[in-house]
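All chains are named by letter (A, B, ...) in the order of the sequence lines, taking the proteins before the strands, and each is independently numbered beginning at 1. This structure is a prediction, so every number in the text was calculated from the model and none was measured. Quick note: numbers below take in every heavy atom, side chains included, and nothing from hydrogens, waters or symmetry partners.
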There are 2 protein chains.
Amino acid sequence: MTLTRAERRARTERRILEAARGLFAERGFERTTIRAVAGAAGVDPALVMQHFGSKQGLFERAVQVAGDDAERLVDDLLGSLGVKLGELPQSSLAVMRSMLTHPEAAASARATFSGQIERIAAAIEGGDATPKAALITLVLLGVTIGHQLLDLDELRDVPPDEVARLLRPALQALT
Amino acid sequence: MTLTRAERRARTERRILEAARGLFAERGFERTTIRAVAGAAGVDPALVMQHFGSKQGLFERAVQVAGDDAERLVDDLLGSLGVKLGELPQSSLAVMRSMLTHPEAAASARATFSGQIERIAAAIEGGDATPKAALITLVLLGVTIGHQLLDLDELRDVPPDEVARLLRPALQALT
DNA sequence: CAACTTACTCAACAACCGTTGAGCGAACAA
DNA sequence: TTGTTCGCTCAACGGTTGTTGAGTAAGTTG
């Protein structure tokens with residue numbers, strides 16, 4: 001026997017989501033077409049609709065797992081101030097890539113950041129905890145955007161732990 | 001007499017550019033349609049094409065003046081470490097809003113940031129000047145994105161000079 | 001085996017997009 | 001005033017997009 005039906009379905013669904021994550025992360029929501037996702041997954045565009053209902057539904061499912069990694073990022077930050085600036089998962093990159101132009105991605109990003117800020121603020125003693133925590137989060141956001149999404153020349157060949165080393169005193173100053 | 005022909009032309013062109021800047025800054029390149037710009041300017045879509053050749057041409061003209069203000073931002077930073085975090089001009093916001101999804105906006109942003117980084121690096125003594133300057137630029141980018149584009153709750157009611165005050169030691173640590 | 005379910009494809013629709021060419025009316029030059 | 005220029009509108013084209021309904025073949029169930 002070749003493959004059970006549920007297995008095939010789950011497998012193609014996973015393949016579609018993988019292709020969607022890659023394209024959303026690379027091009028953002030608007031510039032990613034359902035046809036392109038279907039093509040990358042070796043599947044008919046109509047099947048994508050049948051699985052996820054709409055392009056927006058596809059985006060939500062493709063991005064769903066972003067939360068956990070975001071928390072891990074903050075844990076690294078809080079625990080040792082050794083910032084993890086390596087490759088972010090594509091689901092997180094997809095949200096970041098789209099958050100400035102796609103309203104729902106913006107909402108998702110805001111929610112994630114608010115969660116981060118709250119957790120960081122709880123670990124800061126003294127006044128101004130919330131704005132400080134917000135700034136810490138945005139510092140990491142800026143560096144991540146420049147490094148992962150804009151791919152700036154000036155940072156491309158700098159190893160991640162070198163970036164972390166340079167950034168540590170600055171983050172310390174925000175605590 | 002009502003109005004000279006050149007005056008009328010220049011005036012409507014200015015009106016179109018103003019509408020374009022507002023929409024590009026608010027929605028980004030992809031979600032801004034020529035029809036919407038024309039509508040906001042009280043003009044026929046075809047006229048926009050006639051003036052700027054293409055949507056891309058319109059974007060370039062609408063964004064052209066972004067460079068000077070970017071330099072002013074860095075001057076404030078370098079001069080007194082009093083970071084100017086007030087309202088950025090719409091042309092700068094338009095580039096930022098679009099830079100993660102529109103390739104040409106990304107190129108424009110990269111060029112602006114590279115210029116900034118070079119100038120900041122020249123003012124930093126000691127080693128690691130370039131990566132440090134890059135990080136300073138990205139810190140400001142992150143804060144600006146969170147404040148102006150994402151409009152985070154946690155920063156909305158914090159006055160700009162308060163943000164500058166909190167940020168100053170962190171930027172100092174990167175010098 | 002037969003009846004049914006379902007993952008999947010094919011072809012098409014309706015809407016919207018950027019873009020274009022023809023035409024109108026008012027400012028201009030003579 | 002007469003002829004010309006030109007800012008501007010109108011209507012439409014071709015292409016792409018998200019989305020849908022019918023059809024097919026293969027897995028499932030009895």
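Separating the CG atom of B:D44 from the P atom of C:dA22 is a distance of 17 Å, rounded to the nearest angstrom. Atom CG in B:L47 sits about 15 Å away from atom P in D:dC6, given to the nearest Å. If you measure from atom CG of B:L58 to atom P of C:dG18, you get 10 Å, rounded to the nearest angstrom. A straight line from CD of B:Q50 to C1' of C:dG21 spans 11 Å, rounded to a whole angstrom. We find that CZ of B:F52 is positioned 13 Å from C1' of D:dG7, with the value rounded to whole Å. Between B:R8 atom CZ and C:dC28 atom C1' there is a gap of 15 Å when expressed in whole angstrom units.
Atom CZ of A:R11 has 12 or fewer neighbouring heavy atoms from other residues, nucleotides or ligands inside a 6.0 Å radius.
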Measure all distances between protein nitrogen or oxygen atoms and nitrogen or oxygen atoms of nucleotides 17-19 of chain D, and list the pairs falling under 3.5 Å.
residue	atom	partner	partner atom	Å
D:dG18	OP1	A:K55	NZ	3.1
D:dG18	OP2	A:I34	N	3.2
D:dG18	N7	A:R35	NH2	2.8
D:dG18	O6	A:R35	NH2	2.9
D:dT19	OP2	A:K55	N	2.8

Between protein and nucleic acid, restricted to nucleotides 3-5 of chain C and to nitrogen or oxygen atoms under 3.5 Å apart, what atom pairs and distances do you find?
residue	atom	partner	partner atom	Å
C:dT5	O2	A:R5	NH1	3.1
C:dT5	O2	A:R5	NH2	3.0

Practice task
Let me see the working for A:E60 and A:Q56 under side-chain hydrogen bond (donor to acceptor under 3.5 Å, both in side chains), right down to the final yes or no.
Solution key: CA-CA 6 Å; A:E60 287 169 5; A:Q56 175 60 31; 3.0 Å; yes
Exercise for the section: Check step by step if side-chain hydrogen bond (donor to acceptor under 3.5 Å, both in side chains) holds for A:T101 and A:E30. Expected result: CA-CA 8 Å; A:T101 47; A:E30 294 89 359; 3.1 Å; yes
Practice task
Given salt bridge (charged side-chain N to carboxylate O under 4.0 Å, His left out), test A:R165 with A:E162 step by step and report yes or no.
Solution key: CA-CA 5 Å; A:R165 185 180 66 80; A:E162 173 76 5; 2.8 Å; yes
Exercise for the section: Could you please spell out the steps behind the side-chain hydrogen bond (donor to acceptor under 3.5 Å, both in side chains) verdict for A:S91 and A:Q64? Expected result: CA-CA 7 Å; A:S91 52; A:Q64 211 169 49; over 6 Å; no
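In terms of phosphate contacts, A:H51 brings a side-chain nitrogen or oxygen within less than 4.0 Å of OP1 or OP2 of C:dC8. Contact between the side-chain N/O atoms of A:T4 and the OP1/OP2 oxygens of D:dT28 is found at a separation under 4.0 Å. Between B:R9 and D:dG7 there is a side-chain polar atom (N or O) within less than 4.0 angstrom of OP1 or OP2.
Between A:H102 and A:F59, the two ring planes are perpendicular [angle over 60°; tilted spans 30° to 60°].
One N or O on the side chain of A:T32 and one on the backbone of A:L23 form a donor-acceptor pair closer than 3.5 Å.
If you take CZ on B:R21 and CG on B:L58, they are separated by 9.5 Å, rounding to the nearest 0.5 Å.
Annotation for A:Q90 and A:G22: closest pair NE2-CA, 3.5 Å, computed over non-hydrogen atoms.
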